[in-house]
Amino acid sequence: MEAGSGYNSVPPSTSFDKSRVLDVKPLRSLKPVFPSASETPPFVCGPPNGPFPSGFTPFYPFSVPKGSPMQMPMGPIPTPLRAFRSTQSPESSRAFDGDDGPSMEMDGSADGYFDGQKRGAPLRGSSSSQRKTPKNRDTKSSLSYAARKGSGTVFVGDISQVDRDDGNRELVNRVLMRFDALRRRLSQMEDAKELSNGIIKRADLKAGNLSMSKGIRTNMRRKIGAVSGVEIGDIFFFRIELCVVGLHAPSMSGIDYLIVRDALDQEPVAVSIVSSAEYGDVEDGDILIYSGQGGNFGKKDKQATDQKLERGNLALERSFRRGNEIRVVRGIKDAVNPSSKVYVYDGLYKIQESWTERKSGCNIFKYKFVRMPGQPVAFAAWKSIQKWKEGFSSRVGLILPDLTSGAENIPVSLVNDVDGEKGPAHFIYFPSLKYSKSFDLTQPSFGCNCRNACQPGDPDCSCIRKNEGDFPYTSNGVLVGRKPLIHECGPTCPCFPNCKNRVSQSGLKAHLEVFKTTDRGWGLRSWDPIRAGTFICEYAGEVIDKVKGKQGGEEVENDEYVFDTTRVYNSFKWNYEPGLLEEESSNDSEEEYKIPSPLVISAKNMGNVARFMNHSCSPNVFWQPVLYEHNNQSFLHIAFFAIRHIPPMTELTYDYGIARSNEAEGNSTLNRKKKCLCGSSNCHGYFG
DNA sequence: GCACGATCAACGTC
DNA sequence: CGACGTTGATCGTG
């Protein structure tokens with residue numbers, strides 16, 4: 001290991017005056033540099049000679065030739081990949097995401113397209129899973145599940161049989177959240193080797209098995225075409241996740257099919273495929289050349305044979321003849337975590353050609369898949385992002401390649417492709433907390449004695465003991481569960497800077513961009529996919545002293561860039577359900593989390609990317625107090641983690657909460673609150 | 001109904 | 001980092 005490799009190092013102390021370096025020049029000052037904006041939609045203000053390399057030294061693009069915006073031969077307009085809503089069921093519309101701002105134009109055509117498909121779908125599948133389905137269902141009663149009454153993100157109560165058969169957006173998200181909470185807990189137990197009866201390898205399969213057997217699943221009714229509640233652009237990190245939401249049933253096989261019975265005949269028809277470029281599948285935009293299954297290709301001690309026209313291969317052949325739609329999931333190597341794979345649902349395709357080729361002297365089947373028109377971009381957007389990163393093309397509307405001026409270990413782009421505004425108001429980029437004077441937390445500060453890296457399950461590590469014996473993160477740095485407080489190792493711990501218990505100190509993990517929204521000012525989103533539980537950033541800024549809060553009260557109230565732990569937040573459930581594992585009953589209730597100590601942070605004058613995150617009543621990010629000591633005192637930090645998997649270019653949002661004074665005074669101060677534009681179905685209408 | 005086998009997995013380890 | 005071995009789940013088939 002490279003000790004002290006910059007990547008995972010502890011953030012600079014406040015005494016090291018990096019802030020001078022980090023002083024982002026007033027972004028407003030960019031305004032005179034550019035020609036005054038016209039109303040015309042996005043034009044490029046990237047550098048004249050293409051994009052910046054990744055290690056690029058930040059400067060302002062003064063040399064942009066006026067009046068000659070570069071027109072990029074770009075493919076898709078970058079829109080949130082989640083923006084698409086399927087219309088299979090009325091519940092599915094925007095149940096979760098309030099992050100589909102600038103892509104409304106997609107919805108209309110897509111809706112029409114799928115409505116047509118729905119009506120036109122001629123085939124009825126049959127499978128064993130349908131046998132248990134009662135024929136007459138009381139849809140009225142069973143469609144209203146407990147969660148709908150409460151706040152949308154709560155996942156209490158079981159999933160009814162009807163909901164298991166056919167999903168919707170909210171259900172799909174709920175199933176995925178419960179699955180992943182379980183998987184993270186199993187990973188944690190495996191890391192600590194604390195499970196007595198056998199080791200849990202493959203926590204994903206174990207969690208998948210539990211989910212499936214306990215009925216935490218949906219879309220069991222298998223069908224041709226779109227799956228209710230799964231939207232184009234949705235991402236997954238395990239094959240088994242495709243199973244629990246009913247997108248693709250086989251846990252390993254790449255071809256899913258069902259048997260369609262006509263009057264006398266029956267034949268297999270393909271419903272979905274999973275492609276992985278490593279298997280020689282040719283992937284290019286809306287075309288996919290897919291290889292058949294079987295033949296023992298790529299297997300070591302097996303002789304390659306001709307592929308046979310049976311099972312999946314036969315199903316694909318029949319689907320080619322029938323011309324039915326097939327769901328396509330693209331497996332992509334994860335750039336952030338190269339050992340794992342990301343699966344992107346890329347919508348519906350049809351097979352246009354089928355032929356055989358010779359490989360190693362044997363026949364293999366090939367199928368040419370063509371994407372149905374009118375669907376929002378998904379995989380194609382990934383390819384665009386890849387080109388931005390590699391420097392082959394420039395992000396449309398790029399204003400700055402790195403607005404942090406190098407303060408973060410990964411650049412943060414500043415982008416506006418909706419209007420002429422050249423940047424947010426002036427602020428100083430500072431990646432952590434700044435205390436005006438020393439703050440006391442009652443906890444004495446002491447570190448652990450671990451030498452290299454703290455080991456999960458080590459009873460001697462005091463940092464782990466402070467976390468009630470559980471290592472808070474899995475081995476790949478994903479947060480296992482919410483807690484009132486998470487204790488990370490600090491500067492005086494002798495363990496290495498890349499100790500796994502320093503997740504929130506190790507800087508940004510994903511390439512983020514600050515972008516102009518259509519109606520909510522500036523927002524934050526990511527070029528990289530983010531898996532649930534991933535640390536995104538902390539809330540940086542100046543810590544406001546509560547004592548002088550009275551005099552500074554007015555100031556804070558008018559400060560739009562303030563984070564305040566004492567606000568009222570919607571409770572939500574994110575952790576695993578202890579009942580699913582045969583453990584001692586846990587009294588860990590996420591409902592009543594107490595804030596360990598009040599913390600108010602203002603990012604008005606200085607702050608990091610977190611100050612750009614907008615509010616949503618159905619957020620995809622939550623905050624979590626984290627403690628680590630510093631200069632022999634314990635300091636509280638606010639770390640943001642992903643609630644669920646977040647596809648690239650989806651806006652990151654969290655719950656701003658409601659100020660207590662507002663709450664107490666009731667309606668009289670409603671006008672002090674801000675009208676909420678999150679657009680989610682359970683939007684409260686206002687916040688602040 | 002039950003067991004079995006084929007299958008474009010995900011890890012850890014070497 | 002890539003090949004290999006281990007563990008492993010699902011659904012259709014027999």
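Because the structure is predicted, anything quoted here is derived from the model rather than measured. For the numbers below, each heavy atom of this structure counts, side chains included, while hydrogens, waters and symmetry mates do not.
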5'-most contact on DNA chain B: A/G295 or A/F237, nearest heavy atom basis?
A/G295

Nearest to the side chain of A/Y257, which nucleotide is it out of B/dC8, C/dA9, C/dG12?
C/dG12

Among C/dG12, B/dC8, B/dT7, the nucleotide that comes nearest once only the side chain of A/S276 is considered:
B/dC8

Please report the distance, rounded to the nearest Å, between CZ in A/R311 and P in C/dT13.
7 Å

Can you measure A/M212 atom CE to C/dG8 atom P for me and round it to whole angstrom units?
17 Å

For A/V274 and A/R183, take the nucleotide of DNA chain B holding the closest heavy atom to each; which residue's nucleotide lies nearer the 5' end?
A/V274

Just by distance, with hydrogens left out, do A/S291 and A/K366 show a side-chain donor and acceptor under 3.5 Å apart?
yes

Rounded to the nearest angstrom, tell me the gap between atom CD in A/E267 and atom C1' in C/dT13.
18 Å

Gap between atoms CG and P, on A/L314 and C/dT13 respectively (whole Å):
10 Å

Output the pairing pattern of DNA chain C as a dot-bracket string, 5' first, Watson-Crick or G-U wobble with both distances under 3.5 Å, | for cross-strand pairs, [ ] for crossing pairs.
.||||||.||||||

Looking at A/K389 and A/D528, does any basic side-chain N land under 4.0 Å from a carboxylate oxygen?
yes

For the side chain of A/I240, counting heavy atoms from C-beta on, which of B/dA10, C/dA9, B/dT7 is nearest?
C/dA9

Given the structure, check if the side chain of A/R202 and the base of C/dA9 hold any donor-acceptor pair shorter than 3.5 Å.
no

Where the side chain of A/R222 is defined as all heavy atoms beyond and including C-beta, which of B/dC8, C/dG12, B/dA10 is the nearest nucleotide?
C/dG12

Length of the line joining A/L316:CG and B/dT7:P, which is rounded to integer Å:
13 Å

Any side-chain donor near an acceptor of the partner, A/S526 and A/K509, under 3.5 Å
no

Worked check of side-chain contact (heavy atoms from CB on, under 4.5 Å) between A/L247 and A/N219
CA-CA 8 Å; A/L247 187 61; A/N219 286 310; over 6 Å; no

Phosphate OP1/OP2 of B/dC8: any A/Q293 side-chain N/O under 4.0 Å:
yes

What residues, two or more places apart in sequence or in another chain, satisfy salt bridge (Lys or Arg N to Asp or Glu O under 4.0 Å) together with A/R531?
none

Have a look at A/G312 and say if it touches a base, only the backbone sugar-phosphate, or nothing, with a 4.0 Å heavy-atom cut-off.
nothing

When all nucleic acid strands are considered with a 4.0 Å heavy-atom cut-off, which category describes A/Y290: base, sugar-phosphate, or nothing?
base

Find the distance A/E310:CD to B/dG5:P and express it as a whole number of Å.
15 Å

Can any side-chain N or O of A/S319 pair as donor or acceptor with the backbone N or O of A/A270 at less than 3.5 Å?
yes

Please state how far atom CZ in A/R239 lies from atom C1' in C/dT7, giving the value in whole angstrom units.
17 Å

Of the candidate nucleotides C/dA9, B/dT7, C/dC11, which contains the atom at the shortest distance from the side chain of A/L205?
C/dA9

Quick one, A/R502 and A/C495 - any side-chain contact, counting heavy atoms below 4.5 Å?
yes

Within the structure, does a side-chain N or O atom of A/Y343 lie under 4.0 Å from either OP1 or OP2 of B/dA10?
yes

Decide whether A/D163 and A/T218 meet the rule of one side-chain donor and one side-chain acceptor closer than 3.5 Å.
no

Whole-Å gap separating P (C/dC11) and CG (A/N219)
13 Å

